[in-house]
There are 2 protein chains.
Amino acid sequence: MSDPIRSENLLYLTDEQLRQGIEAMYFAYRGFTADPDRILESLAYGRAHHRAIHFINRAPGTTVTNLLDILGVTKQSLNRVLRTLIEDGLVESRVGTSDRRERNLYLTEDGTALERRLSDSQRARMRAAFREAGPDDVAGFRRVLEAMMEGEMKRQYRSLRETGK
Amino acid sequence: MSDPIRSENLLYLTDEQLRQGIEAMYFAYRGFTADPDRILESLAYGRAHHRAIHFINRAPGTTVTNLLDILGVTKQSLNRVLRTLIEDGLVESRVGTSDRRERNLYLTEDGTALERRLSDSQRARMRAAFREAGPDDVAGFRRVLEAMMEGEMKRQYRSLRETGK
DNA sequence: ACAATACGTCAGCTTTGTTGACACTCCAAG
DNA sequence: CTTGGAGTGTCAACAAAGCTGACGTATTGT
């Protein structure tokens with residue numbers, strides 16, 4: 001309390017500030033999903049399909065179990081989504097080479113095309129937001145979001161980030 | 001391209017950076033909802049109930065239509081949630097004074113108590129994240145999120161922000 | 001040979017969203 | 001004073017996407 005640095009750190013953490021952060025998160029997430037949702041709706045897919053497609057594209061050859069860990073859903077739930085994607089020819093499921101119990105998941109050409117469409121729309125919004133803000137704000141945005149993740153999710157996020165370019 | 005300032009601004013807008021922003025948003029939102037979800041689960045409520053409670057607390061006396069605008073769902077969907085909250089004695093629905101077709105919504109004592117519990121848990125995480133980052137990062141976080149909202153949502157957000165302290 | 005793992009699937013349930021249809025109350029305008 | 005329309009509530013039916021539990025099959029490793 002008497003420590004000036006500590007006081008300064010607490011200065012902007014009023015309940016009002018926090019509540020504004022909460023509401024910002026709520027409204028922004030809706031914007032974040034709005035564009036892909038519109039595309040998906042016209043294809044009779046949902047957000048669950050988008051997530052599967054995103055992370056298969058992100059880590060081609062990933063196994064079902066790995067995808068379950070990332071998405072945090074049950075295999076029954078994921079399977080329903082995965083089945084339709086495979087039936088529709090967007091995802092390919094290949095028997096694992098080293099361990100043949102595993103299934104390695106890949107996007108087909110069509111799957112890659114849809115992924116592009118979805119991520120293009122989402123990136124466009126993200127790009128506009130990043131541009132409207134600025135480099136420093138973007139860094140802050142990322143740091144706060146990372147601090148908000150649960151432990152396991154943070155691990156997943158970081159591991160994906162390393163995998164990336 | 002030859003403009004150094006413009007180049008610098010574009011530097012952080014690579015597809016890789018944007019994708020990291022997208023994944024950060026996805027994982028962070030899960031952390032954001034995790035704590036309230038755990039509380040709600042033990043009460044047989046869901047996120048829809050939380051949202052209703054949050055915004056009724058935020059703007060006591062709000063009408064159903066206003067709530068529909070904020071939440072962006074159908075009245076049938078909201079009504080189901082609202083009904084259980086009223087039956088359970090968490091929300092009170094009073095006939096409007098100026099226009100008696102309207103229903104003004106208020107939290108009861110119990111409703112206020114639950115709202116506290118939910119928002120306390122969510123604020124705690126937000127506070128921890130804000131603290132782990134820092135004032136500048138928080139400002140950036142908020143600016144990027146606001147830029148990410150859809151027009152209508154941004155209006156709602158700003159109007160709520162003004163209403164606040 | 002046998003237990004454990006990875007995956008798929010069947011059945012059934014829940015929450016939260018959707019449409020469409022209809023009734024009631026009430027305000028305001030003709 | 002009647003009537004149209006807005007605000008609200010409710011019924012029915014349905015869909016997406018999560019869940020649990022149980023079971024079967026293929027494969028692996030001990």
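Below, read A as the first sequence line, B as the second, and so on, with proteins coming before strands; counting in each chain starts at 1. What you see below is based on every heavy atom in this structure, not just the backbone, and it leaves out hydrogens, waters and symmetry mates.
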Minimum heavy-atom distance between M153(A) and D69(A), given as atom pair plus value: CE-O, 4.3 Å
Spacing between L82(A) atom CG and dA6(C) atom P, to the nearest angstrom: 16 Å
Out of dC7(C), dT16(C), dG18(D), whichever nucleotide has its closest atom nearest the side chain of H49(B): dT16(C)
Residues from residues 36-45 of chain B lying under 4.0 Å of DNA chain D - heavy atoms: none
No-H, no-angle donor-acceptor pair, Q76(A) side chain to dG12(C) base, under 3.5 Å: no
OG1 on T74(A) to CD on Q76(A), rounded to 0.5 Å: 4.5 Å
Distance in angstrom units between E87(A) CD and dG8(C) P, rounded: 12 Å
Residue closer to the 5' end of DNA chain D, T97(A) versus S77(A) (nearest nucleotide): S77(A)
Residues R123(B) and D120(B) bridged, charged N to O under 4.0 Å: yes
Test: R158(A) and E146(A) ion pair at under 4.0 Å: yes
Residues R58(B) and E115(B) bridged, charged N to O under 4.0 Å: no
Sugar-phosphate only, base, or nothing, as touched by R83(A) at under 4.0 Å among non-hydrogen atoms: sugar-phosphate
Options dG8(C), dG17(C), dT10(D), nucleotide nearest the side-chain atoms of K75(B): dT10(D)
Whole-Å distance separating the CG atom of N66(A) from the C1' atom of dC7(C): 14 Å
Transitive ILVMFWY side-chain link L71(A) to L68(A), under 4.5 Å: yes
Ion pair D137(A)/R131(A), N-O distance below 4.0 Å: no
Quiz item: R80(B) side-chain donor-acceptor pair to dG17(C) base, under 3.5 Å: yes
Whole angstrom value for the distance that separates C1' of dA16(D) from CG of L71(A): 16 Å
From dC7(C), dT19(C), dT10(D), nucleotide with atom closest to T65(A) side chain: dC7(C)
Contact under 4.0 Å: T74(A) side-chain N or O vs dC19(D) OP1/OP2: yes
Sugar-phosphate, base or nothing in reach of R47(A), heavy atoms under 4.0 Å: sugar-phosphate
Residues from residues 99-107 of chain B lying under 4.0 Å of DNA chain C - heavy atoms: D99(B), R100(B), R101(B)
Rounded interatomic separation in angstrom, taking CG from L78(A) and C1' from dT20(D): 16 Å
Ion pair check, E41(B) and R38(B), cut-off under 4.0 Å: no
Presence of salt bridge, R117(A) and D35(A), under 4.0 angstrom: no
